Visitor: 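Handing you a structure now.
Just so we're clear, the structure is a prediction, and the values are computed from it rather than from any experiment.
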Amino acid sequence: MNFRRGATPDEPEINFIPLIDVLLVILIFLMVSTTFSKFTELQVNLPTAGAESQAERPNELVIGVGVDSQYLIGQDLVSFKDSANFAKLLRQAAKDLKDPIIIIHADAGATHQAVVNVLEAARLAGLPRISYATQSGSK
């Protein structure tokens, strides 16, 4: 005997309440157990050029870097063969100066490598005090 002749069979139901409870517990566990670490950021202070010109300091060694990788040490035009040779020239130019400061006057069209060559030679020569010359943006 079939007493349910006209009745349709019930479709199975999925109960989402236990699933939501489990996901909520997992979410709380992850929030509590996660450690937040601050990533270090590179702090860069960009140089600004003031309108005032500074007085000449007697311990400055001026290095000029031209567009075509031409180098000036003081007023002398020198060629760059390698960093060791250039470091020797820097030591000779700075021998009479007490605690010399290297001031790099690099042309805006000079390559980065030309400036890095001067930095490497200064490191090899043992001259750690380096500064860059800038010009004022207003004319």
Visitor: Side chain to side chain contact (heavy atoms under 4.5 Å, CB included), that's the test. Do L27 and F29 meet it? Break it down for me.
Guide: CA-CA 5 Å; L27 180 66; F29 174 75; over 6 Å; no
Visitor: Are V22 and I14 linked, directly or through other ILVMFWY residues, by side chains that come within less than 4.5 angstrom of each other?
Guide: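 No, it is not one cluster - the side chains of V22 and I14 are not joined through contacts under 4.5 Å.
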Visitor: Distance check, rounded to the nearest 0.5 Å: L127 atom CG versus L90 atom CG?
Guide: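 Rounded to the nearest 0.5 Å, the CG-CG separation comes to 6.0 Å.
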Visitor: Is there a path from V25 to I17 through hydrophobic residues (I, L, V, M, F, W, Y) whose side chains come within less than 4.5 Å of each other?
Guide: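 Cluster IDs for V25 and I17 differ.
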Visitor: Short question: side chain of Y71, backbone of V118 - any donor-acceptor pair under 3.5 Å?
Guide: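 Here the side-chain-to-backbone pair does not exist.
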Visitor: Just how far is it from atom CD of E60 to atom CG of L97, taken to the nearest 0.5 Å?
Guide: 9.5 Å
Visitor: To the closest 0.5 Å, what do you measure between CG (N59) and CD1 (I103)?
Guide: 8.5 Å
Visitor: Answer yes or no: does atom CD of Q75 have more than 12 heavy-atom neighbours from other residues, nucleotides or ligands under 6.0 Å?
Guide: no
Visitor: With distance as the sole test, does D68 use its side chain to make a donor-acceptor pair with the main-chain N or O of Q70 at under 3.5 Å?
Guide: no
Visitor: Could you tell me whether the side chain of N85 and the main chain of K81 form a donor-acceptor pair under 3.5 Å?
Guide: no
Visitor: Compare all side-chain heavy atoms of H105 with those of I63 and state whether any distance is below 4.5 angstrom.
Guide: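 Counting from C-beta outward, H105 and I63 never come under 4.5 Å.
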Visitor: Check for me, please, whether I20 and I28 land in the same ILVMFWY cluster - side-chain distances under 4.5 Å, paths through other members count.
Guide: no
Visitor: What distance do L72 atom CG and D76 atom CG have between them, rounded to the nearest 0.5 Å?
Guide: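 Between L72 CG and D76 CG, I get 8.0 Å after rounding to 0.5 Å.
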Visitor: Side-chain heavy atoms nearer than 4.5 Å, only ILVMFWY residues, links allowed to pass through others: does that put L124 and L89 together?
Guide: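 Each belongs to a different hydrophobic cluster.
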Visitor: So, taking the atom named CD1 in I101 and the one named CZ in R129, what distance separates them when rounded to the nearest 0.5 Å?
Guide: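 Rounded to the nearest 0.5 Å, the CD1-CZ separation comes to 3.5 Å.
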Visitor: Using side-chain heavy atoms (C-beta onward) and a distance below 4.5 Å, is I104 in contact with L119?
Guide: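 Of all side-chain heavy-atom pairs linking L119 with I104, at least one is under 4.5 Å.
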Visitor: Report yes if the side chains of I73 and L61 come closer than 4.5 Å at any heavy-atom pair, otherwise no.
Guide: yes
Visitor: If I compare all heavy atoms of G66 with all of A110, which pair ends up nearest, and what's the gap?
Guide: O-CB, 3.5 Å
Visitor: Considering all heavy atoms of both residues, which atom of A125 and which atom of R91 are nearest to each other, and what is their separation?
Guide: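 Between these two residues, the closest heavy atoms are CA-NH1, 3.2 Å.
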Visitor: Is any side-chain heavy atom of V116 less than 4.5 Å from a side-chain heavy atom of Q113?
Guide: yes
Visitor: Hydrophobic clustering (ILVMFWY, side-chain heavy atoms < 4.5 Å, transitive) - are V65 and V78 grouped together?
Guide: yes
Visitor: Measure the spacing between CD1 of I130 and CD1 of I102 and express it to the nearest 0.5 Å.
Guide: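 One finds 5.0 Å between CD1 of I130 and CD1 of I102.
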